[in-house]
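Just below is one structure, and these are the notes that go with it.
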2 protein chains.
Amino acid sequence: MATHNRGPSSETLASRLRALAHPARLKILAALAASDTCHCGEIVQNLPLAQSTVSEHLRILRAAGLVRGETAGARSCYCLDRAAVRKLAADFDRLLAAIGRHESAGGKARRA
Amino acid sequence: MATHNRGPSSETLASRLRALAHPARLKILAALAASDTCHCGEIVQNLPLAQSTVSEHLRILRAAGLVRGETAGARSCYCLDRAAVRKLAADFDRLLAAIGRHESAGGKARRA
DNA sequence: TGGCTTGATCGGCAATCGACGATAGCCGAT
DNA sequence: ATCGGCTATCGTCGATTGCCGATCAAGCCA
């Protein structure tokens, strides 16, 4: 049994999905996943975006909790929060499983 | 090499996620999943939004392919495309699994 | 037929987003 | 101390989004 409630609210889940729903941010996540070297300049070089834009995307990902940035002065080190990514995947999967199931399972009418 | 692509491009996946990344649209999807009666007025009654706003959200969901609307004149019938939902869930899960895994095992797709 | 109900579309408005350049702060190297 | 590289933040601009009321098109029923 799930010891907690079913899932986050629509607002919470939607805001986390919003953080993902941008091609540049998906690419940034993929870059962070590929190499743990994680500083910003490397990402800027691999994307056709200005440095300030990439920094802004990193801020959004950090605010969503998907990325942790240790700003060690000049060279900040960004690390993917893999646990948070997995948790988001689980929440999302739970929602879509409930939606995608052929029958709306049981009478647990979920009022939103 | 042919496009042995594992998943859709960042743009494609991001645009589909964008369709989901709104609390009202998540609620609409849940309402469609709960009851297959699927006409618009019922959804409007369960949301604090104007009818035109709900219609707009339905249009976005339809454009994303998650909902099919058979506009049979006056009373249109909206149905959840459960196969599309499952496909999106699979694509998303594949992406997040690749990101959330501790080691990026394959690692050959380094786009510059 | 006329009127009613239902939903899609239009036009407008405010808010937010996404991008950029410019600037400021921090650190190591010279 | 000064220089130069790196990054975060600020301000701004155009584009998009979200919401609404109003209006229009299409069926249904008396």
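Keep in mind that what you see is a predicted model, and the values were worked out from it rather than measured. Every chain is numbered from 1 and lettered A, B, ... according to where its sequence line falls, protein lines coming before strand lines. Scope of the values below: all heavy atoms of this structure, side chains included, with no hydrogens, waters or symmetry mates.
In this structure, the NE2 atom of A:His39 is 17 Å from the P atom of C:dC27, given to the nearest Å. One atom, CD1 of A:Ile60, and another, P of D:dT7, lie 18 Å apart when rounded to the nearest Å. To the nearest angstrom, C1' of D:dT17 lies 14 Å from NE2 of A:His22. Rounded to whole Å, atom C1' of D:dT7 lies 16 Å from atom CG of A:Leu49. Rounded to whole Å, atom P of C:dG18 lies 11 Å from atom CG of A:Leu61. In this entry the distance linking CD1 of A:Ile28 with C1' of C:dA19 reads 13 Å, nearest Å.
Scanning for salt bridge (charged side-chain N to carboxylate O under 4.0 Å, His left out) contacts around B:Arg68 gives B:Asp81, with sequence neighbours left out. A search for side chain to side chain donor-acceptor pair (under 3.5 Å) contacts involving A:Arg18 returns nothing, not counting sequence neighbours.
Contact annotation: A:Arg18 reaches the phosphate of C:dC17 (side-chain N/O to OP1 or OP2, under 4.0 Å). Dashed line: the shortest gap from a side-chain N or O of B:His57 to OP1 or OP2 of D:dC19 is under 4.0 Å. Between A:Arg25 and C:dG18 there is a side-chain N or O to OP1 or OP2 distance below 4.0 Å.
A salt bridge is defined here as a Lys NZ or Arg NE, NH1 or NH2 lying under 4.0 Å from an Asp or Glu carboxylate O, and B:Arg25 with B:Glu56 fails to meet this definition.
Looking only at side-chain heavy atoms (C-beta outward), A:His57 and A:Leu49 come within less than 4.5 Å of each other. B:Arg16 is listed as a side-chain neighbour of B:Asp91, based on a closest heavy-atom distance under 4.5 Å.
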Could you write out each protein N or O paired with an N or O of nucleotides 8-12 of chain C at a distance under 3.5 Å?
residue	atom	partner	partner atom	Å
C:dA8	OP1	B:Ser76	OG	3.2
C:dA8	OP1	B:Tyr78	OH	2.5
C:dA8	OP2	B:Ser55	OG	2.8
C:dA8	N7	B:Gln51	NE2	2.8
C:dA8	N6	B:Gln51	OE1	3.1

Under the side-chain contact (heavy atoms from CB on, under 4.5 Å) rule, what do B:Thr53 and B:Val44 come out as? Steps first, then yes or no, please. CA-CA 9 Å; B:Thr53 304; B:Val44 172; over 6 Å; no
